[in-house]
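Heads up: the structure comes next, in structure tokens.
The structure displayed is predicted, hence computed values, not measured ones.
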Amino acid sequence: MSDVVAHHPEALRGETARTQLAPALTRGLLLVGDGATHPGLSAALSAALPLPVHRAASPRTAALNGAGLAAMSLLRHPART
């Protein structure tokens with residue numbers, strides 16, 4: 001698991017990610033889910049990345065809502081038959 005966590009900040013530091021994600025990264029990253037409940041994670045990520053990192057007010061609820069929206073989007077997609 002730690003190799004996955006270490007890989008993502010490295011990917012966000014790359015020039016390709018900055019170019020493609022610039023509009024989305026303007027406000028920073030939003031942590032959701034169980035990982036967002038760990039003390040100090042948002043501060044550590046913010047220090048490792050040149051981005052502001054925010055924790056959702058209700059991180060577990062935000063993750064569930066996001067998963068539900070993704071599932072509904074998939075079900076409504078025109079390519080789905």
Kindly state each residue pair satisfying side-chain hydrogen bond (donor to acceptor under 3.5 Å, both in side chains) with at least one member in residues 36-47, sequence neighbours excluded.
none

May I have all residue pairs that pass side-chain hydrogen bond (donor to acceptor under 3.5 Å, both in side chains) and include part of residues 48-61, sequence neighbours excluded?
D34-R60

Give me each pair satisfying salt bridge (charged side-chain N to carboxylate O under 4.0 Å, His left out) with a member in residues 64-78, each pair once, sequence neighbours excluded.
none

Can you pull the salt bridge (charged side-chain N to carboxylate O under 4.0 Å, His left out) pairs that have at least one residue in residues 35-51, sequence neighbours excluded?
none

Side chain to side chain contact (heavy atoms under 4.5 Å, CB included) involving L74 - partner list, sequence neighbours excluded
none

Through direct or indirect side-chain contacts below 4.5 angstrom among Ile, Leu, Val, Met, Phe, Trp and Tyr, which residues connect to L30?
V32

Evaluate side-chain contact (heavy atoms from CB on, under 4.5 Å) for L45 paired with L29, printing each intermediate quantity in order.
CA-CA 9 Å; L45 282 173; L29 298 177; 5.6 Å; no

